[in-house]
Amino acid sequence: MFGHKVLLGGMTAVALVVAGAALAIDPPKLGTPAPEMLIRLFDISIPPDGTGLPAGQATAKQGEAVFMARCAACHGERGEGATNDRIASGIGTLQDEVQTFKTVGSYWPYATTLFDYVRRAMPYNAPLSLTDEEVYAAIAYVLFLSRIVGETDVIDAKSLPAVKMPNRDAFINAYTPG
Amino acid sequence: MAKTPNEVTPFADAEPVAANGLLHRRMFLSGGAFFAGAASLSGLLSAQPASAQMATVPDWRKEPGKSFTPYGVPSKFEEPVQRLVTVRANSYPSPGAGSSRTPLHLLEGIITPSGLHFERSHSGVPDIDPDRHRLLIHGLVRQPLVFDLESLMRYPRVSAIHFIECAGNSGGGWAVQPPVGFVGTMHGLLSCSEWTGVPLHYLLEEAGIDPKAKWILAEGIDASGMSRSVPIEKALGDAMVALFQNGERIRPEQGYPMRLLLPGWEGNMNVKWLHRIKLTEGPTYTKDETSKYTELMPDGKSMQFTFPMEVKSVITRPSEGVNMQGPGFYEISGFAWSGNGKIKRVDISADGGASWAEAALQEPIASRALTRFRLPWQWDGKEVILQSRATDETGAVQPTRAELIGTKGVKNAYHYNGITTWEIRQSGLVKNVWA
């Protein structure tokens, strides 16, 4: 059959070669359906709308103890920075002639990123060791250190995405498709 | 009697094409005698008068050499060719959060030996058992899928030579005072490998892409769970799940057993130890695409999602620490690259940018890969300001530092691609300066 078509002329032969090439690179399908448990275990990313934020809540007042125990050694007791990044205050210094502090308070556009990052990576020496309640508590305190939330404000899945970060509107999307 | 390289002066009467002794690149394309001289630059640099020692038969000629080794390593005499590792004084409690740099000034060609590829990790290098590693694809898909390594190895593969450059590479360029150090110290968050792996679009299409999916989130399974958002166009374009680096499986420092490869885009996005891809409507706005890897501009605004690494070049010979050995012939050489395509041309100036000579580009000239350039030079021993300027196939031209700072200010911290300037002193000492 193939040989017969080739004999019919150049156009048909070219068409066959193209079709053959397309078929030849059709990849196998070797993925296996992902168990729901696996997805739940690993799907820890939190976008700005808060989708995926877990149950739990805390205030900065409750968070102080968590922060002092798990965060202050590297970030300082007031978030002023120690062996690792300064994370508090610095608001209004992004154009400062002398010194700029890019902190959670002065620079980060979304409070949800704070939950995402602390839960996935902090503290450095024991990631994934904080409970969800402890994460809410620690980040409530971090936000309080920059006076973005009050000491008794309840931080949870509903209130966190609604926190307006001071530098929220200062980011410009430079990506254009194509 | 054969001439030593120092005596080979085939172009002593050649017409310079730009000031201070820059010769025509075509001299590399003809003249075997010239090439013989140029090829032995290291011999030229260390040329010694013939001594009694050289007139004896060396020991290694008089006894059998050592037997075979399962995995070869460089000569013990090449021991100084190592990554530049900076151990932070404040590394507690994660010494592996940081970087090491490729000694670009000691390398030739365009391929970075795998063991010298720069390292950037956010909480160390994990020791992953490949049999227990899985890649999860979920989110806005018809069917969430899991792939093990055995399965991925059965897909059709592609190979391509691409550089990876950390977005913070050459960050010292934003400083008031020019940094002191080797090319590797200043620009060594840059490496180039032949990568082989599975086109990512195979796997995404297999899971069934929901038309609402415009981005993916790629995540590593290192202790930092490093994650970045990537537009779906790139994910369906030249993105690769890379399994091999320079012919062998990817090194642990580079993401073993698999990493995301996004040719030409910020190194940080080429997520190592890749274990999860989530298809999403919008960006996830992770820590590394908000608080880091965004470009703070003079007006206080920040440019976000500036993905491709811009056109850039640097001369590696001569360069700071790779000094001149007296007047005479030299080959100027270095790297040029662009995250937006192929390098079209590289120009060299030996008079601070007043006159320029086009360098020869060494094949292969691959898209989003390091490209090696060369230019013959007759140095008269006088003080010289030496610069290279790259142009890519989109027509983008590498800016001067002044032009770059004029646009982006000095608080940017990322994507520095200004022209590097070497001040060559009469003593032969080479220093990094601002021009």
Side-chain angles (χ1 to χ4, degrees), chain A residues 24-36 38-39 41-49 51 73-74 82-85 87 94-96 100 102-104 107-110 112-114 116-128 167 169-178, chain B residues 90-94 97 122-123 134 136-139 143-148 151-152 154-156 198-199 202-203 205-207 217 219 221 223-227 231-233 275-276 278 280 282-287 290-291 294-307 411 413:
Chain A
I25 59 159
D26 203 20
K29 297 192 183 332
L30 303 173
T32 55
E36 188 53 38
L38 187 82
I39 297 173
L41 181 66
F42 286 120
D43 186 8
I44 58 170
S45 45
I46 307 294
D49 69 5
T51 301
C74 292
T83 59
N84 263 300
D85 288 3
I87 55 173
L94 296 182
Q95 290 177 273
D96 195 283
T100 290
K102 290 164 75 178
T103 72
V104 172
Y107 198 68
W108 291 37
Y110 299 106
T112 47
T113 306
L114 192 55
D116 175 295
Y117 182 64
V118 170
R119 182 170 63 166
R120 75 171 55 238
M122 292 286 109
Y124 255 154
N125 59 336
L128 303 180
N167 202 41
D169 297 326
F171 288 83
I172 298 163
N173 182 357
Y175 174 72
T176 45
Chain B
N90 57 356
S91 63
Y92 175 83
S94 183
H122 294 252
S123 195
R134 298 288 181 275
L136 169 65
I137 295 179
H138 73 113
Q143 171 63 59
L145 294 175
V146 182
F147 297 86
D148 60 19
S151 307
L152 284 178
R154 290 172 56 193
Y155 281 75
V198 180
Y202 287 169
L203 310 180
E205 284 156 3
E206 183 175 333
L217 177 78
E219 181 182 87
I221 198 161
S224 75
M226 229 293 297
S227 58
I232 195 79
E233 296 84 11
H275 91 117
R276 182 167 79 98
K278 183 178 187 180
T280 57
T284 301
Y285 294 96
T286 69
K287 185 265 279 178
T290 53
S291 74
T294 48
E295 301 187 52
L296 178 56
M297 306 296 275
D299 64 358
K301 304 283 188 193
S302 288
M303 301 304 289
Q304 190 169 39
F305 306 134
T306 53
F307 298 137
K411 296 178 186 292

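In what follows, chains are A, B, ... by sequence order, proteins preceding strands, each numbered from 1.
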Evaluate the criterion side-chain contact (heavy atoms from CB on, under 4.5 Å) for residue pair Phe42(A) and Arg134(B); output intermediate values, then yes/no.
CA-CA 11 Å; Phe42(A) 286 120; Arg134(B) 298 288 181 275; over 6 Å; no

Name the region of [X], side chain, backbone, both or neither, that has any atom closer than 4.5 Å to a heavy atom of chain A.
| X | value |
| --- | --- |
| Tyr285(B) | both |
| Thr286(B) | backbone |
| Pro199(B) | neither |
| Glu219(B) | side chain |
| His275(B) | side chain |
| Ile221(B) | side chain |
| Lys278(B) | side chain |
| Leu296(B) | both |
| Arg154(B) | both |

Arg120(A) and Lys287(B): CA distance, side-chain angles, deciding distance, side-chain contact (heavy atoms from CB on, under 4.5 Å) verdict:
CA-CA 11 Å; Arg120(A) 75 171 55 238; Lys287(B) 185 265 279 178; over 6 Å; no

Name the member of [options] that forms the most heavy-atom pairs with chain B at distances under 4.5 Å.
| options | result |
| --- | --- |
| Asp43(A), Thr100(A), Asp116(A), Thr113(A) | Asp43(A) |
| Pro47(A), Ala170(A), Ala121(A) | Ala170(A) |
| Pro28(A), Pro109(A), Pro33(A), Pro127(A) | Pro28(A) |

Considering all heavy atoms, the nearest [X]-[Y] contact:
| X | Y | answer |
| --- | --- | --- |
| Leu94(A) | Gly300(B) | CD1-O, 4.3 Å |
| Gly31(A) | Tyr155(B) | N-OH, 3.7 Å |
| Lys301(B) | Ile172(A) | CB-CD1, 3.8 Å |
| Phe305(B) | Asn173(A) | CD1-OD1, 3.4 Å |
| Ala34(A) | Leu136(B) | CB-CD1, 3.5 Å |
| Thr284(B) | Pro48(A) | O-CD, 3.6 Å |

Between [X] and chain B, which part of the residue has a heavy atom less than 4.5 Å away: side chain, backbone, both or neither?
| X | value |
| --- | --- |
| Ile44(A) | both |
| Asp169(A) | backbone |
| Tyr107(A) | side chain |
| Lys29(A) | both |
| Phe171(A) | both |

Does Tyr124(A) reach the main-chain N or O of His122(B) with its side chain, forming a donor-acceptor pair under 3.5 Å?
yes

Quick check for you: among [options], which has the greatest number of heavy-atom pairs under 4.5 Å with chain A?
| options | answer |
| --- | --- |
| Met303(B), Met297(B), Arg276(B) | Arg276(B) |
| Pro231(B), Ala207(B), Ser227(B), Pro298(B) | Pro231(B) |
| Met226(B), His138(B), Glu205(B) | His138(B) |

Would you indicate whether the side-chain heavy atoms of Pro35(A) and Val146(B) approach each other to under 4.5 Å?
yes

Between atom OG of Ser291(B) and atom CG of Leu114(A), what is the distance when rounded to the nearest 0.5 Å?
10.0 Å

